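Notes follow the structure.
Since the structure is predicted, the reported quantities are computational estimates derived from the model, not experimental observations.
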Amino acid sequence: MGTEAGQPHEPYRARHAALVPSAPAPSGGTPPGPYGQFQPVAAPSPTPVGEEPTVWPVVVITLLLGVLGVIFVFVRARRARRMGYPTSRYWLAFCLSAVVSLVVWYHV
């Protein structure tokens, strides 16, 4: 009924050849858009856009919540990166605040 072991079913292949892409799909980014073009992932802005998110909330949240402040740092750093600002300030503020918090709690 159709094929023997190891032989492809030619009528099926011919009928559906147009549906099978000839080249592998590109990796990364998002799926092809409505016109078949590959849509790249949005890159950070080359020039800063808008007002930079402040650092002091990272310090306050880290002092209050400790290590759970890392969630807030992810949010702030991602927002800053999308706006074109460096993210190291937020991680530095988190690390220093966490160390200060640990030292204070250890000595109290």
Side-chain angles (χ1 to χ4, degrees):
M1 271 194 156
T3 64
E4 294 180 20
Q7 293 180 349
H9 190 47
E10 292 304 322
Y12 178 83
R13 175 181 274 178
R15 192 173 349 138
H16 297 302
L19 300 176
V20 178
S22 59
S27 61
T30 57
Y35 302 108
Q37 296 95 348
F38 181 69
Q39 303 292 322
V41 175
S45 176
T47 58
V49 176
E51 188 174 330
E52 182 177 13
T54 57
V55 175
W56 68 266
V58 171
V59 174
V60 171
I61 296 294
T62 304
L63 290 175
L64 293 176
L65 299 178
V67 179
L68 292 177
V70 75
I71 297 167
F72 198 68
V73 175
F74 275 121
V75 171
R76 287 287 216 201
R78 182 177 47 199
R79 185 180 306 151
R81 183 179 63 241
R82 286 181 179 169
M83 295 172 74
Y85 292 103
T87 60
S88 59
R89 305 175 36 168
Y90 306 98
W91 290 105
L92 181 62
F94 169 74
C95 290
L96 293 177
S97 301
V99 167
V100 168
S101 177
L102 289 173
V103 168
V104 168
W105 281 105
Y106 183 73
H107 287 292
V108 170

Passes side-chain contact (heavy atoms from CB on, under 4.5 Å), R76 versus V55? Steps please. CA-CA 8 Å; R76 287 287 216 201; V55 175; over 6 Å; no
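- Under the 4.5 Å side-chain heavy-atom criterion for ILVMFWY residues, no single connected hydrophobic cluster contains both F72 and V67.
- Among residue pairs with one or both ends in residues 90-104, none qualify as salt bridge (Lys or Arg N to Asp or Glu O under 4.0 Å); sequence neighbours excluded.
- For the salt bridge (Lys or Arg N to Asp or Glu O under 4.0 Å) condition, no pair includes a residue of residues 98-108, sequence neighbours left out.
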Run the side-chain donor-acceptor check on residues 89-108: report pairs under 3.5 Å with partners two or more places apart or on a different chain.
residue: R89; atom: NH1; partner: E52; partner atom: OE1; Å: 3.2
residue: R89; atom: NH1; partner: E52; partner atom: OE2; Å: 3.1
residue: Y90; atom: OH; partner: P53; partner atom: O; Å: 2.5
residue: S97; atom: OG; partner: A93; partner atom: O; Å: 2.7

